[in-house]
Amino acid sequence: MNASRSDPLAQLVMWNRLQAVVDEQARTLMRTAFSPIVRESGDLSAGAFDRDGRMLVQAVTGTPGHVNTMATAVAKFFDHFPRQSMRPGDIYLSNDPWIGSGHLNDFVLVKPCFRGDDLVGFVSCTSHLVDIGGDCMGPDGSDVYDEGLYIPPIRLLAKGRLVETLMLLLKANSRIPDESEGDVHALVACCEVGERRLVQMMNDFAIGALDRLSAHILEASQAATRARIAELPDGTYDNRMMTDGYDVEIELRAALTIRGDQITLDLAGCSGPSRYGINVPLNYATAYAVFGLKCAIAPDIPNNAGALAPFAVTAPAGVIVNAIKPAPVCSRHIVGQLLPDLALGCLHRAIPDRIPAEGAATLWDLPLRNGLVATVPNRPFSIELVHNGGTGARPLQDGLSATAYPSGVLGSLVEVTENVAPVLIRRRELRPDSGGAGRFRGGLGQVIELESCDGAPVQLFGTVDRVKHPARGREQGRAGATGILKLASGRVLNGKGMQEIPGGDRLLVHTPGGGGYGDPFSREPDAVANDVADGLVSAATAERVYGVVLDAELRIDPAGTEIRRRAGRLERPTAGGKPPRTTASAVSASRGVARIGVVVPVSNTNLEPDLDLLRPPGVSLHYMRAGGYDLDAVPDSDQMRTFALASLDAVIDALKATRPDVVLYGCTSATLSHGPAFDRSFCAEIERRAGVPAVTAAGAVVEALADLGVRRIGFCSPYVERLNEEAGEFLNRSGFEVVNLAYVGEALGNYAQGALSPAAVYALGLRADHDAAEAVVLSCTDMRAVEIISELEAAIGKPVVTSNQALIHAAMKRLRLEPGRAGGGRLLEA
Amino acid sequence: MPAEKLTGRLAVDIGGTFTDVVAEHAGGLSSAKVPTTPGAPEQGVIAGTRLALERAGLTSRDFASVVHGTTLATNALIERTGAKTALVTTDGFRDSLEIGYEARYDQYDIYLDKPAPLVPRRLRFTVPERINARGEVLTPLDEPAVSTLAAVLEGNGVEAVAIGFLHSYANLAHEARARELLSPRLPGVAVTLSGEVSPELREYERFSTAAANAYVQPLMGRYLEALAKVLAEEGFDCPLYLMTSAGGMTTLETAVRFPVRLVESGPSGGAMLAKTTARQCGEKAVVSYDMGGTTAKICFIDDYSPVKARNFEVARAARFIKGSGLPLRIPVIEMIEVGAGGGSIASLDALGRLTVGPRSAGADPGPACYGKGGDRATVTDADLLLGRLDPERFAHGRLELRPERAARVVDRDIGEPLGLDPARAAHGIAEIVGENMANAARVHAVEHGRDLETSTLIAFGGAGPLHAARLAEKLGIRRIIVPASPSVGSAVGFLRSPMAYEVVRSRYGTLSRFDHDAVAALYLDLYRDARAVVATSVSAENLREERIALMRYRGQGHEIEIELPPGPISSTTGDALRRRFDRRYSELFGRTLPKVEIETLGWSLTLSGPEPAIAQVAPPVGGETPAPFARRRLFSPAAMDFVEVPAYWRPDLVPGAAIAGAALIVEHQTTTVVPAAFAAGVDEFMNLVLERRDPQVQGSS
């Protein structure tokens, strides 16, 4: 290749070789590193740079937070060490979060490469050290000084000799000094291999400088990236996302501007800094945001300074994604890893059919160490388990279950964990129904259950997100399930901060699901049936959310599916996104909007006044009374079952005469007592008879809870105790968890239930509440609950769902009426 | 004929495209290459065998053994044509097989799909039981639950079952008991235990290996039975041995039980050929280089022993991307596979950069110059344009190569867009493919602390001899050996393989608390297991043992292999291991960490029979230069133009022949390119030996 320095082939071959140089670097680092997160999970980066500190190639192995921060880190060292002061054999080091990878655990090394006396370029690498002192396992520090040893850019090796003082200082500040020393040596070895191979490459090709090669790589990559951006429609596209935060919720906002062949992402408008270590230095925020955009726009263009140049990220100083020193930043990945979803949400508005739904995004890593070291005699341990939720569904593919994105790290295996730490993992399985529904389903999260195997308490450092705010779907796709961290004994844990798992208790981890893509009613029924057969989606969800009715052998019921889906489509907004004010029914509406038919038990005197309170304007309500039960007996399970089994044909036929747009079945306990499967087929039966969508009170309660995105429920009703318990079981079997069940205290007859005062119902609702509950249900269409919804919600700070309110909510959805009923509680006011 | 006088040995290698048969006998080697017959592979075997016997002038009665390697198991995994397989696992862990490492195999690709597990979720069943990391039972096996499961498995029409319980490498009792309960209730269904097929830590790899074994077992069982039958019908009454991925032979019974160990047996045969050649020539540091139609495989051979590994990935969704396949934890010869073969397709990427592979035109339609409908520029097309292939003598003259077709596609796809004439474009293709292989070799060398420049390259496979010299130049290697019959190298390698079986067991410990009694007891177990496999064919006094400890510093994730000192395991073994570990770690990474605890993760034992006796030969010394049969135009990278060079017919060469570069040495299936900087000789074993003549640095030819 001597003849051909200017030969384009020679440039290609050298570019290729440069890639091998950095891959060798990364391999060396993984082989010799101690931090499990480096060697097992690949939390590292390696790259080669030109004389001006511009990244030319990155190793295939590596994670975006490291790679793209390293890309800008090298040139920042020049401010501290002018290039002319650098000597062969020098290696520079820093863990400054605002220079390197965003927190003190990540060390970045930079080595000037010399060919003879000429400085020809640089190699760099980063990796994560387990322990650099401080409170370094989670976001609990109050400033960066709490988070460990802070090392500004310094010279680690001078002319090939290690500066011993520095190593002494580092070791004295680590709980595991020998391993930390080993990790630094691994980084040094990585740099040395890089320089050796880089110079060898230059010798092989007989080139004295990288300038020409650098120009070729950067220009070609930048031009190709810009060409891709130029294909995108110009404009400014917004997105916002609520995220859990530590103590207070955080709003993320972005405005993406595409102008010609340049992209700017402005993060102004994001919430201000947190008191806790979830703040993000801008270099780290930029790394992830640009990574997300690059995946969608130019995934095949090699990642280097040229390919990164057309992307700019801006944010005013002080917002959470542009944290200013000395803000605590230890767990900066929590918010940082949500930024690809934020940026892609903007891009979705520019190119609507290429962008996946939101995913679990933030790693669900579980840093664990043993309880108080000084007082517990067990062998000390600290380990960082790495796990993930589901990724968002893609425009033409389901999301990936329990898979990392945007991070590139690998998950922990059970046997490896149990061999190195005194914990026992009782479960690690996919989490059914956690993938957001859609034409393409979001990836599923997973369930992990873990306990101490020697009865000693274990400290958990919560660093997870999407516990309160789920991954959202796109194009009518539903949100994925939110994540849950709790103890088997019932206590719900915060997603953030140090908490203790008492000996003998068990940690339950439910990682979030990815969002769905497209209307769930348009998912292939076969795909839904397959998911049910594989236990990824429950039969209840298949029917309720996907509108796919399956028989006991999980075969598709085409007629039932057709009816469910036709009924369900009525609730879909039209293409413009704004639901129309008028009914979609072909029948003209008597009072302008719609007619609702209601089946009411003969003795019920509260359903009608409640619905009057909540009746949307322009809607008329038409009642038919149904009997067939002993009015004076105490309504127990048997009576309610009998009631539900009595023929409704005549009642429905009479209602049909009013040409209703939707039919409501106004008794909760009748179908509750038979279980969810009965309730669904009962509802389908009414639909068949009426020829329009129908809703049962029990089904309406389930739907309301699902729409509120809550899972853990406090429950109460005026039912006799056994029926009350059956009602709780109904919700449990419908995918919720009743964490508290309040019983009215005495066996009430039909009329006594209806006579309970609002004050008594309020008191009952308070008793139903529980710390772990996310919402409270007051069940029974003949109980005066609607009048006290607002007061009760104010008192307990959670949404309240009542049977009659849920009925109106479900009817309004099917009529495509916008919410906004004052006094209707969060469900109707939203 | 009395058995002891039989000397003939037959080797059969079934590849995806061709079935190679080599018959070795007193008069030398005879070979045949016939198309593989995928529907009934034994038919191709018989066709090839008859042809080879005819060429050798022998009958089936003249053979003492048949050695067989096949890609059948690999193909079943790639094409998903194996049995309907169920997994029975520990309660709470139904999805270990699917969740794996939670990783995407390509950082930037948001549209990738992961390979589906071999066992779908609906066929993954759990039963209550639990054993901890120390092998202690926490929850006894729920036997009624297992018995109940039998009916469910039968109802689902399951043909094979893998049983994988957590920590079964430490205590096999529950898996074994579950098999006892299931087998009688499931007649004709093969059951694989994860703790038997791969008794090692890491449930994902172990379950994946067990599932793969179960998945291919019915198919391989049927096939091996059919093969044994037709061989018997052909009159072979000698034993049939199977080649394993670790480069040893094993018995038919073991192959039927653990068919997953036969995956990639063909390439391991190639490595054994390189090993034999290394011994013949006294080469202690060897890079084995096997380049065929689709891939190039590179492995290292240290002191006549191929470097082994315990991890392998099969059926990659994205070829050659690590993490996109199914992991298998079995003993293998460690190879890096590069998407670089004769059929690899050259194209320009989004940046207008020339790339070659991993997509391949295969043998059908094949390269454009085959004239069989291929319309993409391939490496073989480039080789033809560069003058490296002999259009007339290629493939026994049965396939006429068409340079004009090669020129057209190379010019259209590469030359014109890049503004290069066809020769330079072809040179570019060859250079890129060479760089891809060289880069892979360099990265691989780092992992093993190898110095490539002092190594010898042993090249074979249909395309290996064409590219060997340029690859050697790129790696700074000065000596190249091309063995005889390079294009059927794997089958020849089968004949050079000893009877061997490796067993390995995970057992965590530290050197500071080295429990030599426990380790000695473990080795008794391992010995018993391995002995059962090799017993039928090798007597005890002829067995060789190799014992390896997998060790690392506490806190690290990658083990290095340390050979145990010879002799019984005693109280001094721990210290000896420490010294050996320190020395090896230092060789690999330049330093030791004296204060850090050293861990032992696992122990392995390989029992092998005697190596085939091989005499060592002296390198060829300047003999006579034979007469070329023709002169050909060869593209010279140094001149960036064509030069005229002599072409020699390899079958005519005799030991001692000396040929100065630049030259071509042509044989039926391939050509050895000898650049100007090299000189070639022929040794007594008919190996071609190429030596670099000048002290120039690489890259400058």
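Excluded from the calculations below are hydrogen atoms, water molecules and symmetry mates; all remaining heavy atoms, backbone and side chain alike, are included. Proteins get letters first, then strands, A, B, ... in listed order; numbering begins at 1 in each.
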Review point. Among A:V193, A:I425, A:D23, which has the most heavy-atom pairs under 4.5 Å with chain B?
Key: A:I425

Revision key, fill the gap. Closest non-hydrogen atoms of A:D300 and B:A350, given as atom of the first, atom of the second and distance, are OD2-CB, 3.5 Å

Practice item. Look at A:H387, A:E449, A:K294 and state which one has the largest set of heavy-atom pairs under 4.5 Å with chain B. Key: A:H387

Review point. Side chains of B:Y108 and A:N303: donor-acceptor distance under 3.5 Å anywhere?
Key: yes

Point to revise | OG1 on B:T90 to CZ on A:R428, rounded to 0.5 Å | key: 13.5 Å

Review point. Quick one: do the B:E435 and A:N16 side chains pair a donor with an acceptor below 3.5 Å?
Key: no

Practice item. Applying salt bridge (Lys or Arg N to Asp or Glu O under 4.0 Å), run through B:R130 and A:E418 and close with a yes or a no. Key: CA-CA 13 Å; B:R130 188 67 150 90; A:E418 291 187 357; 2.5 Å; yes

Check your understanding: Tell me, side chain or backbone of A:S221 under 4.5 Å from chain B's heavy atoms, or both, or neither?
Key -> both

Review point. Just by modelled atom types, is the B:I110 backbone N or O under 3.5 Å from a matching donor or acceptor in the A:R394 side chain?
Key: yes

Check your understanding: If you round to the nearest 0.5 Å, how far is CG of A:L536 from CZ of B:R121?
Key -> 5.0 Å

Check your understanding: Has the side chain of A:R427 got a donor or acceptor atom that lies under 3.5 Å from a matching backbone atom of B:D91?
Key -> no

Point to revise | Non-hydrogen atoms of B:H167 and A:N419 that approach each other most closely | key: CE1-ND2, 4.1 Å

Revision key, fill the gap. Most heavy-atom pairs under 4.5 Å with chain A, out of B:E98, B:R206, B:R353, belong to B:R353

Revision key, fill the gap. Result for salt bridge (Lys or Arg N to Asp or Glu O under 4.0 Å) between A:D534 and one of B:R122, B:R124, B:R94 points to B:R122

Check your understanding: Donor-acceptor pair, A:E429 side chain versus B:F93 backbone, under 3.5 Å?
Key -> yes

**Study point:** Closest approach of A:L12 to B:L354 (non-hydrogen atoms, all atoms of both residues)
**Key:** CD1-N, 3.5 Å

Review point. Where do B:E102 and A:Q446 land on the side chain to side chain contact (heavy atoms under 4.5 Å, CB included) test, with the steps shown first?
Key: CA-CA 11 Å; B:E102 307 184 20; A:Q446 57 183 320; 2.9 Å; yes

Practice item. Drop me the distance from A:L400's CG to B:L112's CG, to the nearest 0.5 angstrom. Key: 6.0 Å

Review point. With no hydrogens and no angle check, is any side-chain donor or acceptor of B:D95 less than 3.5 Å from a backbone partner on A:L430?
Key: yes

Exercise for review: Classify the side-chain pair A:Q397/B:D113 by whether it contains a donor and acceptor separated by less than 3.5 Å.
Suggested key: yes

Review point. Is the side chain of A:E415 donor-acceptor paired with the backbone N or O of B:R202 at a distance under 3.5 Å, no angle test?
Key: yes

Check your understanding: At what distance, to the nearest 0.5 angstrom, does CG of B:N439 lie from CG of A:L18?
Key -> 10.0 Å

Check your understanding: Just by modelled atom types, is the A:R354 backbone N or O under 3.5 Å from a matching donor or acceptor in the B:Y111 side chain?
Key -> yes

